[in-house]
Amino acid sequence: MPEPGYYGQFGGSFIPEILVATFEELVQAFEQAKADPEFWNTYLKLMGSYSCRPTPLTYAENLTRHFGGARIYIKREDLNHTGAHKANNVMGQGLLVKRMGKGRVIAETGAGQHGVATATMAAKFGFDCTIYMGEIDVQRQRPNVFWMERLGATVIPVTEGTRTLKDAINEAFRDWVSAMDDTHYVLGTACGPHPFPEMVTWFQSIIGLEARRQVLEETGQLPARIYACVGGGSNAMGIFSGFLDDDVELVGVEAGGRGLETGAHAARLASSDASLGVAQGYKTFFLQDDDGQMKETHSVAAGLDYVGVSPILSHLKETGRVRFSAATDTEVVDALSLTIRKEGLIPALESAHGFVQAFKEAPTLSHDDVIIINQSGRGDKDIFTVADAFEDPGWKQFIRDKAKEYDAR
Amino acid sequence: MPEPGYYGQFGGSFIPEILVATFEELVQAFEQAKADPEFWNTYLKLMGSYSCRPTPLTYAENLTRHFGGARIYIKREDLNHTGAHKANNVMGQGLLVKRMGKGRVIAETGAGQHGVATATMAAKFGFDCTIYMGEIDVQRQRPNVFWMERLGATVIPVTEGTRTLKDAINEAFRDWVSAMDDTHYVLGTACGPHPFPEMVTWFQSIIGLEARRQVLEETGQLPARIYACVGGGSNAMGIFSGFLDDDVELVGVEAGGRGLETGAHAARLASSDASLGVAQGYKTFFLQDDDGQMKETHSVAAGLDYVGVSPILSHLKETGRVRFSAATDTEVVDALSLTIRKEGLIPALESAHGFVQAFKEAPTLSHDDVIIINQSGRGDKDIFTVADAFEDPGWKQFIRDKAKEYDAR
Amino acid sequence: MLAETLRAKQREREILLMTHIVMGYPSFDDSLRVVEAMVEAGVEIMELQIPFSEPIADGPVILHANQRSLQAGSSVERCLAFGEEVAKRFDIPFLLMSYYNILFKYGVDAFAKRMAEAGLVGAIVPDLPPEEADEYLAAMAAHDLAPVFILSPSTTDERMARITRVTKGLVYCVARKGVTGQDTSFSDDLDSYLARCRAATDLPLALGFGVKDRADVDFLRGRADLAVIGTQTIRVVEEQGVEGVKPFIEGLRPPLSA
Amino acid sequence: MLAETLRAKQREREILLMTHIVMGYPSFDDSLRVVEAMVEAGVEIMELQIPFSEPIADGPVILHANQRSLQAGSSVERCLAFGEEVAKRFDIPFLLMSYYNILFKYGVDAFAKRMAEAGLVGAIVPDLPPEEADEYLAAMAAHDLAPVFILSPSTTDERMARITRVTKGLVYCVARKGVTGQDTSFSDDLDSYLARCRAATDLPLALGFGVKDRADVDFLRGRADLAVIGTQTIRVVEEQGVEGVKPFIEGLRPPLSA
Ligand SMILES: Cc1ncc(COP(=O)(O)O)c(C=O)c1O
Ligand SMILES: Cc1ncc(COP(=O)(O)O)c(C=O)c1O
């Protein structure tokens with residue numbers, strides 16, 4: 001009988017003593033919410049009226065024809081309010097915060113997506129909101145900083161460490177240990193100490209529940225395979241949740257960055273570069289050196305650029321239930337480009353990782369097979385990154401002209 | 001008995017002889033589609049599986065409390081695929097193009113929203129696509145140009161005239177008269193020669209049909225008033241359509257720009273600056289000089305910055321069925337700001353015009369009353385404009401740094 | 001009346017020339033000198049275009065001329081005065097050409113009255129199909145002016161009949177799809193199209209869109225009654241100045257004495 | 001054993017001092033000189049922190065020291081060697097402090113063995129609650145080392161009992177919410193919290209987080225057994241150099257002879 005919060009040897013709750021009481025309160029609130037069918041109904045209602053759930057399952061007819069194999073369906077988390085599956089998690093945690101009677105939320109953010117989602121939830125629920133974001137990400141992802149500030153959140157640039165996502169997480173924990181009485185830390189993915197992996201997965205399972213119903217309705221059959229990108233693992237766990245007990249192959253796709261052989265990647269489960277460790281409150285595979293110090297990671301997709309991974313996914317890898325692969329930056333931009341042109345869909349760079357692997361495998365399957373790709377978010381938020389990836393000269397000129405305009409005033 | 005295509009004295013079809021046959025074909029295809037219930041079902045199915053329809057009707061609890069009058073509901077067209085109600089129109093016309101067996105679409109665009117929507121539809125349906133866009137708009141709205149190009153469309157900058165929306169329309173007509181055999185012109189709003197006003201309204205009426213059902217379900221009553229911004233008039237006609245026969249006050253809000261008294265606005269129906277005229281193929285109120293030459297218009301919202309207006313709305317103004325007002329740029333930025341902070345919603349600058357008027361009137365109504373604002377699109381597409389409107393220093397620095405980075409390479 | 005005038009001129013010339021200018025481009029002085037040169041070069045009839053901010057049926061060259069004329073400050077009144085001046089000064093018929101809004105804003109009847117007073121003989125309004133033209137037709141009739149309508153290759157026989165029924169003076173046949181100022185391939189298709197036009201009306205047929213040189217005009221001889229030279233003269237003025245106009249026009253047909 | 005050592009020292013001094021350094025910050029040479037100065041100034045016990053890339057329980061000053069030490073190339077092995085060196089050279093007990101991953105990656109038992117060989121007496125691992133500590137407790141016991149656990153004001157009495165049951169040597173009581181390096185208000189609340197800690201265990205109580213000057217130490221006299229000076233000595237070194245350490249520490253308590 002595994003301890004609560006453990007998935008095989010992964011997970012746990014490695015937290016400073018000062019937070020233990022807070023976590024106990026959170027675990028309790030979460031357990032009560034899970035046991036209360038009204039809570040899930042309230043959650044469904046909120047997501048249906050504030051976001052756009054159920055999100056559609058779109059048949060990608062042109063891509064299907066292009067690859068000439070399996071019929072490709074796309075689960076459209078990009079159509080959520082704020083543009084990604086992150087909305088599911090934050091709105092769920094928002095309801096829990098209300099239940100706990102707290103008035104302030106904090107969050108880490110890398111790409112800015114989870115920060116915007118949290119700031120949005122905070123505006124909607126009337127919470128104070130502080131977002132921690134690595135200084136480098138603040139610089140790279142200014143548009144999201146702008147929106148977070150408009151939404152009333154305080155964005156604090158984190159200047160220590162690698163100045164990216166993992167350091168923002170550390171900083172959020174530091175805030176939390178100082179202010180846990182009235183503050184809830186809205187962790188953005190299925191990582192961190194118990195109950196976060198389970199709780200975030202629970203809220204995200206709305207994706208898989210919908211997708212299962214939809215694919216049966218639409219095609220009368222279960223999919224052969226499901227593809228999802230894996231940063232922390234929340235969108236993947238979200239869609240996988242609906243199919244764990246089915247005869248459906250689940251494929252997680254990590255950031256291959258410049259190639260697994262270069263070391264400049266964020267593949268914790270698809271490469272042999274990661275090893276078991278304990279950091280940021282939980283035990284999982286980390287990209288770390290022999291001393292246990294965390295390494296720098298790389299991905300064209302800021303949201304996948306993280307050293308750890310959901311302990312639940314580590315476990316599902318170990319049991320063989322989920323297969324993992326990696327997509328390189330170049331493959332990602334190509335898959336993105338093809339998807340935009342063939343279907344008029346703009347996946348986020350993160351999501352495009354799932355598309356890469358699906359495109360590799362679709363031709364090897366039969367037209368009788370159905371596959372689902374989880375489009376976790378929309379890519380138009382990434383224009384600065386995508387335009388750079390495409391080396392678009394018109395865009396560069398536009399930015400130069402805009403800078404001149406600002407200088408002139 | 002009015003002639004087809006006329007709404008009172010407004011509308012008609014003032015087109016070059018060379019296009020008459022093309023319009024006859026279009027009218028016929030449209031009439032057949034309207035008469036065929038399968039067509040509308042196909043349309044609903046497409047919008048449900050590719051976009052996110054029905055879009056939610058969100059109760060704006062915080063704004064309601066803030067203003068202390070009518071209960072404010074928001075129809076969430078921002079959650080459409082591509083981020084605005086424009087999707088409804090283009091996907092509908094796309095189905096019609098397929099029915100007519102044509103292989104190429106063209107469109108005008110101002111803000112770029114309709115261009116992106118059309119390019120998206122073209123990618124999805126496999127049509128060739130050319131988008132005409134005023135040179136000034138190409139410069140201002142580069143992000144949208146970037147996406148249109150990624151979607152496979154050719155974007156042609158229009159260098160004549162005011163180099164904005166109306167000139168792009170003229171240029172699209174010029175293309176069409178050269179290539180109508182295989183080309184359909186996807187006009188972006190409820191303007192232009194018959195059947196466009198009626199046809200675009202028909203596709204957009206999906207908004208009103210949904211909203212009526214939703215508000216009754218949610219509140220058990222009809223709204224007292226409905227607010228929608230008016231550029232060409234398509235989103236307004238879309239939502240109004242569902243309530244024309246009801247005892248519901250309909251309010252259209254035009255661009256007041258720098259103030260009606262300054263002349264720098266785009267208020268055709270809410271000001272006395274416009275007069276009846278015939279241009280771009282139809283008869284309506286235009287902002288024109290005494291000679292009949294069109295004037296330059298101004299709005300912070302590119303999508304409202306247009307000289308003409310739907311002939312159907314001109315008629316509904318004349319009959320008194322719809323009331324019109326204008327919102328200034330400053331009021332719009334304030335309403336946007338408040339809405340972001342209170343509800344976590346980011347209306348497009350265009351849509352925010354509707355919010356301005358609703359906010360003025362909500363406190364004068366009772367809590368027993370319900371009002372609906374049509375949030376025609378999302379504002380995160382407008383970051384360059386919004387950041388400028390807010391004079392955000394962090395944003396400016398970001399752009400300067402980005403420009404330096406490009407110069408350095 | 002206009003039709004008879006043209007028929008009379010056709011006794012001297014098998015194919016007549018109708019030329020086109022945008023009034024006020026590049027200036028009213030230049031416009032006057034261009035008209036003068038054209039009349040001297042033997043042009044039989046002219047279209048004077050009042051510039052409009054939204055000329056949807058015109059191609060880039062004429063569009064540009066419209067814009068520049070407006071930017072230089074030309075007004076409808078100034079254009080009408082110009083029309084009056086040339087109509088009094090030169091002994092050929094002048095048609096006005098503009099988009100419907102110019103007439104509509106002026107007041108259609110007032111506009112026709114003013115045209116008649118100015119000595120202009122008719123008008124071409126490319127965005128006004130007969131279906132929308134009741135008021136215009138009444139006004140033109142009341143002031144004895146020729147409403148010139150347009151036929152296109154995609155116009156059905158039935159519609160040709162309907163259009164020519166309300167047309168006076170001449171019928172303007174556009175040679176092809178597209179806007180003004182593009183090349184037209186003068187081919188068999190054109191032949192059969194013109195035959196259809198001929199069958200629809202006894203009025204002189206003016207063929208426009210893309211006529212640019214002597215070969216084109218030669219091709220039209222015996223097929224149309226008038227060749228319309230629009231964009232090409234604007235190009236000539238832009239490239240060679242007003243001086244280029246007369247030689248260009250004269251070169252389009254063999255000399256009269258020949 | 002450690003507990004007895006401390007109790008023995010308490011016969012001379014009512015309140016003991018435990019100080020903290022991040023090994024390798026700003027350099028191992030400086031670290032050595034700081035230890036030397038502290039020992040000379042009469043510190044009774046020291047925490048030696050092995051830097052970690054993700055020190056979630058530390059505030060900005062110690063966080064920064066962790067980062068700089070790592071950037072300067074300090075390794076776990078080098079830190080252990082440093083621990084060994086000072087343990088041999090100076091006659092006070094030394095505890096290691098680090099995050100659990102450092103031990104975990106090394107191998108928890110191997111780490112404990114190495115500590116014991118180095119002459120270190122115990123460890124503080126702030127992100128390792130007793131619930132997750134089975135392996136660690138076994139290794140520490142096997143090598144006769146003191147596992148020092150932490151209590152906080154939000155720890156319930158029940159949980160205090162559970163934690164102190166597995167703790168050896170001393171109990172580390174954090175004074176308040178928050179991370180290291182912030183001000184603590186030494187007040188009645190603290191009083192009742194320390195009374196609860198005292199009730200839970202016979203072990204010496206070390207109070208940490210925010211102790212920064214003589215007034216704070218005076219306040220703790222009679223309430224806690226050890227005052228922990230963490231962030232403040234790093235600040236002193238940063239502001240006054242290693243020279244500042246000895247006078248600072250000496251100033252925290254009245255001289256022994258007094
Ligand atoms: C669109 C999108 N997809 C995926 C991710 C990765 O997170 P996760 O693995 O938790 O789904 C992110 C993170 O920012 C994201 O923004
Ligand atoms: C979001 C949005 N709303 C409104 C409009 C105005 O168009 P219409 O009046 O046709 O709805 C536009 C036009 O681009 C738009 O993008």
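Per chain, numbering begins at 1; letters A, B, ... match sequence-line order.
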Could you give me the CA-CA distance, side-chain angles and deciding distance for Asp388(A) and Lys402(B), then say whether side chain to side chain contact (heavy atoms under 4.5 Å, CB included) is met? CA-CA 11 Å; Asp388(A) 285 354; Lys402(B) 202 78 199 158; 2.9 Å; yes
Begin with the C-alpha distance, continue with both residues' side-chain angles, and end with the deciding distance and a verdict on salt bridge (Lys or Arg N to Asp or Glu O under 4.0 Å) for Arg150(B) and Asp380(A). CA-CA 11 Å; Arg150(B) 294 284 84 71; Asp380(A) 56 348; over 6 Å; no
Could you walk me through whether Leu79(B) and Leu79(A) pass the side chain to side chain contact (heavy atoms under 4.5 Å, CB included) check? CA-CA 6 Å; Leu79(B) 289 173; Leu79(A) 289 172; over 6 Å; no
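In terms of heavy-atom pairs under 4.5 angstrom with chain A, the leader among Arg378(B), Met121(B), Glu343(B) is Arg378(B). Note: Asp407(A) leads Asp407(A), Asn80(A), Ile74(A) in heavy-atom pairs under 4.5 Å with chain B. Among Lys404(A), His81(A), Glu61(A), the residue with the largest count of heavy-atom pairs under 4.5 Å with chain B is His81(A). Among Ile346(B), Val145(B), Thr55(B), Val138(B), the residue with the largest count of heavy-atom pairs under 4.5 Å with chain A is Ile346(B). The residue among Asp401(B), Asn62(B), Asp392(B) with the most heavy atom pairs within less than 4.5 Å of chain A is Asp392(B).
Ring geometry for Trp395(A) against Phe146(B) counts as tilted: the plane angle lies between 30° and 60°, on a 0 to 90° scale.
Only the side chain of Phe390(B) comes within less than 4.5 Å of a heavy atom in chain A; its backbone stays farther off. For Arg140(B), the part lying near chain A is the backbone, with the side chain staying farther off; criterion is any non-hydrogen pair under 4.5 Å. At a 4.5 Å heavy-atom cutoff, the contact between Gln139(B) and chain A is made by backbone atoms alone. Interface residue Leu57(B): only backbone heavy atoms are found under 4.5 Å from chain A. For Gln397(B), no part lies near chain A; criterion is any non-hydrogen pair under 4.5 Å. Only the side chain of Glu405(B) comes within less than 4.5 Å of a heavy atom in chain A; its backbone stays farther off. Using a 4.5 Å cut-off between heavy atoms, Val386(B) touches chain A through backbone and side chain atoms alike.
Atom-to-atom distance recorded for Thr58(A):OG1 and Lys124(B):NZ is 6.5 Å, nearest 0.5 angstrom.
In this structure a side-chain-to-backbone donor-acceptor pair under 3.5 Å is missing from Arg76(B) to Ser51(A).
Considering every non-hydrogen atom in both Pro56(A) and Gly48(B), the closest pair reads CB-O, 3.4 Å. Nearest heavy-atom pair, Arg400(A) versus Ala403(B), reported as atom, atom and distance to 0.1 Å: CA-CB, 4.0 Å.
Annotation: Phe398(B) is in aromatic contact with Phe384(A) [ring centroid separation under 6.0 Å].
Within residues 331-342 of chain B, the residues that have a heavy atom under 4.5 Å from a heavy atom of chain A are Ile340(B), Arg341(B), Lys342(B), listed by number.
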